[in-house]
Every structure is written in C-alpha cells, then in structure tokens.
Amino acid sequence: MNRITARLAEAKQQGRKALVTYIVCGDPIPEATLTTMHAMVEAGVDIIELGVPFSDPMAEGPVIALGHERALANKTSLKSTMAVVKAFRETNNGTPVVLMGYANPVERMGYEAFAVQASDAGVDGLLTVDLPPEEAAPLNVELKKAGIENIFLLAPTTSNERAESIAKLASGFLYYVSLKGVTGAGHLDVASVEAKLSDLRKITDLPICVGFGIKDASTAKAIGQYADGAVVGSLLVDRMGAMADQSPEAIAGAVVELIAPIRQGLDELAS
Amino acid sequence: MSDIEKKAAVDYSQFPDAQGHFGPYGGRFVSETLMPALDELEKMYTRLKNDPEFQKEFDYDLAHYVGRPSPLYHAERWSRELGGAQIYLKREDLNHTGAHKVNNTIGQALLAKYSGKSRIIAETGAGQHGVASATVAARLGLKCEVYMGAEDVQRQSLNVYRMKLLGATVHPVESGSRTLKDAMNEAMRDWVTNVDDTFYIIGTVAGPHPYPQLVRDFQCVIGREAREQCLKQAGKLPDALVACVGGGSNAIGLFHPFLEDEGVKIYGVEAGGYGVETGKHAAPLNDGIPGVLHGNRTYLMEDEDGQIIETHSVSAGLDYPGVGPEHAWLKDIGRAEYVAINDDEAMAAFRTLTQVEGIMPALESSHALAYAEKLAKTMDKDQIIVVNLSGRGDKDILTVAAIDGIEV
Ligand SMILES: Cc1ncc(COP(=O)(O)O)c(C=O)c1O
C-alpha cells in the first residue's frame, strides 16, 4: 500500500487527525530541508508536503511566494528536491512525502521521467496546483504506473457534480482548499468548510485534508472537527524565511516549536 | 480564382477545440478555484458570441467610441525609398487610447457588464492595456485595479499617470522580474481571491481558455477591415502580413481573417532584444520550448529546470516570456513564420517612420516595421505588405529620449 493511504488509514483507526505540513525545499538554506523534515516527523507530523519552487507561483500568497524565490536563489530544482527525498528515505521509510508545485518543471522533465525518478526517490504523491483534472490524463497514466498518487484540489467554488468527477480520478486523499484565495490568506470561514465537507463526504470515501488559512492550534482544531487532516504551510515558511542566517538545527527547532501546539490541538480532538 | 473561393487544408474556424486546445497548445492550466469561473465565462461567451444584440453593442462602441474602422494607409514615400513592395499600415495607433488594445477591452467590458460583476482587474506591460481597461471602466462606472511590474511602472510612467487620471488604482508588482509576467501572476492571485465579484480582463491572447479565443475574436476586427480595405484600395489581397508579437493579440487580430488565404504570407515579429543569440530577448517562438505558464501550454523562455527566465526587450509590451497558444500552433503547422527584430533595429525603424511618414509608432509596432523594411526590399514593386501599426509612440518618448541621453 502507498504510504499516504497507509498513514491516513492508520490515523483514522487510531481516531486521530493527521497533521500535514508544507515547507519549500531549499528554503531558507539548502541544508535546512532534510533536518527540518526529520524534526517534523519527531514532532508528530503525518505527511510532509515538500514544495518544489517555481519562478511563477501563481497560487501562493506573499509568504510562500518569497519562500519559492529564496529556494530558487539557492538553486533548488525539481531534481534536487527529489534528491532530498531520497536522502530522507535513507532513515525514514514510513512518513509519506508529497511533492507540491506547478506543472512546468514536471513538463520540462517529462511525465515519464518524472514518475520513474520520483518513485525511485521515494516520493508518494504529487500535487500540481495548475494541472486540473481536465489536463491531467497523460500525467496520470505515468503516475499510476509508478505507484504515485495524484492529489487533486477541491475548492469552495467546486460544484458537487464536479467534485464527484474529480474524486473518481483522485487517489491518496483530496485536498480541500478552505477559502477563495491564495496560500496564507486570513479569511478562513469554518462554517463554510463544515458545510462543504459534509457534501463531499456524500460523494467520496477518500480522506479529505484541508489547507489554506490554518495558522494556529485553534484554526487547526476547528478544521480538524470536520477534516481527516489539517495542512499548515505559511506559518512555517514565514518563520523559516526569517532564519536564513541560522543553522539547520535552529531552523528545524523553530518549526517544531510552531508545530507542537497544533499537534496537541488536533490530538485533543482524538476520539 | 476569386478571393472568395478559398481553399485550405485546415479549417481554422474549428480552433480552439472544445477543451480550448490549438493542437497541443492552449488549454486551461489553473488552480481548481478558478475552473468554475472559467467554465462560466466560456458558457457566457459562447452564448453572447452569437447574440446579435451583443454584437450590435460591440460594433456600435467600436464605431462611435474607438473610432473604427481605422484607416489602411499606403506609406508611399517610405515604400518608394525602400524600392520594393508597397507597404500599407493598418492604423491601430489612431484608435481611442492609442493602440489596438482597446478593441479587446471594449469587448471584455461588455462581457463584464453582462456578467453583473462590479469590479475589473487587468495586468499590463506597456500600460496600453491598463489604460484601455481604465478607460472602459471609467465609462461603465466600474472599479478598476491594474497590476503592473515595478520595472514597467518606471519605464512607462506616462501611462501610469494616465491610468490614475482615469480613476484606476495601479499596483506596482515587486515580485520576480518585476515585469509583465509577474503582473499577470499578481492579477491571477487577485482573481482567485475575489472571483465572486471580479471580472479579469486579460490583455492578450494568452491565459486559460476561453481567453485566447475571445481576445482573438475581439481583435479580428483588425484583419477583417484590413482585408476589405486592401481589396478595395489595391484591388487585391496583400502578399504578406507583418505584426509584432508580444502575447500576440494585435498579430492574431490581423492574421486570423487571412489564414485561409493561402497566397498571403504571414510573419510574426518577436522582440530580439540584444539579439536572439545572446539569450537576452523575448522571442519564445524563435528560441523557446513548449511548456505551461499562466494557464496555457505554449512556447516559453525557460531554463533546463523548467523555471521561466527573465526576458529583455526595449519595448515593455513585448517583454513577456510566453506567447499566445494559437501562434505556437500556427508556427508548428507552418502557416505563419516567426522572426525576431533586435532593440536597435526597432529603434531605427521608429525614427524612420517618424521622419519619412510623420507617424510616430509605438516601440512594439516598430519591431514589425523593421521587419517589413527588410522584407519589402526582397519583393517587387507591385507586391503588397500590410503591417499592423498596433500603437502610437507617444508613450515611448521618455524611453527614446533616455536612449538619446536627453532629459525631457
Ligand atoms: C502598441 C502595442 N503593440 C503591441 C503590444 C503587444 O501585445 P500583443 O502582442 O498582444 O499585441 C502592446 C502591448 O502592450 C502594445 O502596447
């Protein structure tokens, strides 16, 4: 079984909510990424979303967009990101890693080459922000062959009918974007998430993780009441961005400090 | 064969297909939040496109507000000096607001009106599209916000002030290369946040489907008029068409109504910057490869990791790493040829047209003029080239003065 499916099934069985964290590979210094990934696992993170930097990150708010700029200045690429995952797998074989980014770096590498190399590196899933299901069929074929899950986004604007057809193509989990906006936006509306998720539950049995706008334990907890997992990103990237002159250990330590209360908040929901 | 009997292997009217594809190009590569908005726009446009009331309103505005039809002017003196083909200029510079951009903003503003949205946003490079958007917004009483790269805000300061006078808010964009592509990223971010009440007026034939199609349709008035005018004034179709290509809207507007006229050669002129061989240019069809950016698949300027690279052109309106997907397809199937003109060649053509014909062209359009000059010399005196004079040069005077070392 793919690590994503296994981990989410395990969390469900244990009655706990999954914590999903997003950092940008190579940000703020290349050496920080691997150290931070391991530290996040120690701190109780279930799934790591590793951002692949892109020159034109259209869906990101200012915080994560700056993370992409820093990572690119550090010469991070799709290839070097996969190398980090490979290094991570040397000592961790259980924590799922999802690459999150934009279509063009994958296009440039070629769908087949990407799928083969990602699978070899130990990548479990791919979330391509600007590759909706309508355009994803050719990539899906290659991902399927390589055993990599294609994670699709659902949004507040997605109709139930459309959600149903997306859910049919998706695997691993569905990523529900909690608000109309970019990453890091501040206008999370919990009631609307609740309503939407209850619609989605009628459509699909896939686990649903919710992201965009989760910035602390209380928002994570509010979302965790309805979702299978909560995704935290901008909060971490913001802190990391201010630590470019510090050691990988210090950066990882700061991330753990931010994560701990969120983990605790989610665990308070445990049934 | 009369000009009405056309014979063509490809039925160009069938593109884009239902998914918005031109062969392998185009499509809809955006985040999920925007997909329903694009579906809605496509449905609305498909309906209005064939609605005589909508077309009547559009035509009325083009005639009475923009001042169409724009003349097709035979540049006799310049043609004589060059000693080759006769050059005719399609005078989009005489449109209200000074460029072809307004044809499209009139059309999209009508769509905005029909959609009931109260706010419009736009990205702009040279500022011409921003000015045209601010203009139609003022007229319709809509709120207008324009995203413009901080670098372009500097080099097109006159247009920035024009937009402000028209009541628009201009947001300088500091991210990335601080030019048109970054302005488009920022406009997309705004749209995804305010999708309920906001209509995004894209300024060229790029972006996700249906934008490349609807912008083309609105700009095709250029080519329809030019075709009719050429037949009337010269008694025959032109032998060649020349237009500059930034995103490609003025070019496709001229080209599209001629695509099935097989005898008409078609040349798109990209910005060669310091020279295509230097890598410092904005000529993806000459020196790029296919990829995905800003909602569509097309030729792009990118590095081996798939990162979009910085472009260079003396003209802000051509300084873009991508190009409309229909051009990518026309290149691949060989219906159009895409060439490049360097900064200094464009500057020379700017001066020539100003001095020989008393017409001051935009630096974007000067790229087309510079290529037409080369081409004319290889052709006979009884042949005809139609050049799209996409805009007037007033906005570029400070740039030209700076190159001349003069403070205005
Ligand atoms: C006068 C003029 N011509 C051409 C362009 C390039 O755009 P397009 O290639 O879409 O016609 C611009 C863009 O700002 C412009 O202002």
Side-chain angles (χ1 to χ4, degrees), chain A residues 52-62 65-66 68-69 71-72 75-81 101-110 114 127-136 138 152-159 161-163 166 174-177 179-183 185 187 212, chain B residues 18-21 24 26-40 173-177 180-198 207-209 289-298 300-310 321-322:
Chain A
V52 182
F54 182 48
S55 52
D56 295 83
M58 281 183 329
E60 314 302 342
L66 280 175
H68 283 238
E69 285 190 19
L72 288 175
K75 308 248 179 294
T76 314
S77 64
L78 179 54
K79 272 205 187 92
S80 72
T81 302
Y102 292 79
N104 203 50
V106 179
E107 292 262 326
R108 183 66 195 235
M109 185 174 279
F114 168 79
L127 198 171
T128 317
V129 180
D130 55 349
L131 199 71
E134 282 83 347
E135 304 285 357
F152 284 106
L153 297 172
L154 296 172
T157 52
T158 311
S159 67
E161 192 187 4
R162 188 175 159 80
I166 295 175
L174 285 165
Y175 187 132
Y176 181 66
V177 175
L179 47 80
K180 292 171 203 149
V182 291
T183 50
H187 50 278
F212 285 43
Chain B
Q19 281 72 47
H21 294 134
R28 196 177 272 174
F29 296 82
V30 296
S31 66
E32 174 59 25
T33 311
L34 292 177
M35 291 298 286
L38 290 165
D39 268 335
E40 198 181 297
V173 176
E174 297 284 354
S175 58
S177 59
L180 179 54
K181 85 173 172 72
D182 311 284
M184 195 146 181
N185 292 335
E186 212 53 43
M188 287 277 188
R189 290 176 184 131
D190 180 315
W191 197 30
V192 87
T193 307
N194 301 295
V195 61
D196 290 335
D197 72 345
T198 298
H209 178 63
I289 72 155
V292 171
L293 179 70
H294 291 153
N296 68 97
R297 183 180 281 118
T298 187
L300 298 173
M301 308 242 324
E302 58 174 69
D303 66 16
E304 67 263 23
D305 295 324
Q307 307 295 347
I308 308 306
I309 56 178
E310 285 191 22

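Chain A is the first sequence line, chain B the second, and so forth, proteins listed ahead of strands; every chain is numbered from 1. This one's a predicted model, so the numbers in the text were calculated from it and none came from an experiment.
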| task | Go through the steps for A/Asn104 and B/Ile308 under the test side-chain contact (heavy atoms from CB on, under 4.5 Å), then give the verdict. | result | CA-CA 9 Å; A/Asn104 203 50; B/Ile308 308 306; 3.9 Å; yes
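- The side chain to side chain contact (heavy atoms under 4.5 Å, CB included) search around A/Ala59 returns A/Tyr102, A/Val129, not counting sequence neighbours.
- With chain A as the partner, the residue from B/Met35, B/Met188, B/Gln19, B/Glu186 showing the most heavy-atom pairs under 4.5 Å is B/Met35.
- B/Glu32 and A/Thr158 share a donor-acceptor pair across their side chains, judged by distance under 3.5 Å alone.
- The part of B/Val30 that comes within reach of chain A is its backbone (N, CA, C, O), which places non-hydrogen atoms under 4.5 angstrom from that chain.
- In plain terms, the two heavy atoms of A/Pro53 and B/Gln307 that are nearest each other are O-NE2, 3.0 Å.
- Listed by chain and residue number, B/Tyr320 satisfy the ring-ring contact (aromatic ring centres under 6.0 Å, His included) test with B/His294 (two or more places apart in sequence, or in another chain).
- You'll find the side chain of B/Val192 reaches within 4.5 Å of the side chain of A/Val182, heavy atoms only.
- When side chains are defined from C-beta on, B/Glu302 counts as touching A/Arg108, because their heavy atoms get closer than 4.5 Å.
- Neither the backbone nor the side chain of A/Ala185 comes within contact range of chain B, judged by heavy atoms closer than 4.5 Å.
- Heavy atoms closer than 4.5 Å to chain B are found in the side chain of A/His187, but not in its backbone.
- Most heavy-atom pairs under 4.5 Å with chain A, from the set B/Asp182, B/Ile289, B/Asp190: that is B/Ile289.
- With a threshold of 4.5 angstrom between heavy atoms, B/Asp303 approaches chain A through N, CA, C or O but not through any side-chain atom.
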